[in-house]
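When a ligand or atom number is given, it counts from 1 through the structure's own listing order.
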Amino acid sequence: MSKDDLLEKAIEVRSRAHAPYSEHPVGAALRTMSGKIYVGCNVENAAYPEGICAEASAIAAMVTGGDTQIAEIVVVGPGEVICTPCGGCRQKIREFAAPDIQIHAGNKDKILKSYSMESLLPDSFGPKNLG
Ligand code: THU
């Protein structure tokens, strides 16, 4: 599945976001190294900090599905402005991503910029730092 197919999936799942507080629906679609596709949307909560991001939702689905290696991920927001992964999501993606995988960020209908994992979270903290 190409990044354009992932874009389509991310846009589709964004329509199921539960974002009544921010009114900022986000969709994420990822392909794993094993070739599977997982999607997620943001799920907000009346207790605001309990909401979860679209990327976290897609990652939870991935791990639940038995996969742990992200090959590529697309994240899209609702407006004209690019929706880049927040800091917490960069760390969450990093747990399951090699430094050179591509993270594509987009707006309501297209990918606007692509990044490597390493460029989004340089010198990141990971399992090796626990040693
Ligand atoms: N959001 C995401 O789902 N992913 C991000 O990387 C950025 C922010 C969500 C969280 C919240 O529900 C809404 O966008 C506004 O911040």
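With no hydrogens or angles considered, no side-chain donor-acceptor pair links Ser124 and Gln91 at under 3.5 Å. Checking Ser34 against Asp67 by side-chain atom types alone, a donor-acceptor pair falls below 3.5 Å.
Crowding of Phe125 atom CZ: a count of heavy atoms from other residues, nucleotides or ligands under 6.0 Å exceeding 12.
Taking a heavy-atom cut-off of under 4.0 Å, ligand 1 is surrounded by Ser22, His24, Val26, Asn42, Glu44, Cys53, Ala54, Glu55, Thr84, Pro85, Cys86.
Once rounded to the nearest 0.5 Å, the distance linking NE2 of His104 with CD1 of Ile82 reads 11.5 Å. Distance check: Leu7 CG to Asp109 CG gives 8.0 Å after rounding to the nearest 0.5 Å. In this structure, Cys83 SG and Lys108 NZ are separated by 14.0 Å, a value rounded to the nearest 0.5 Å.
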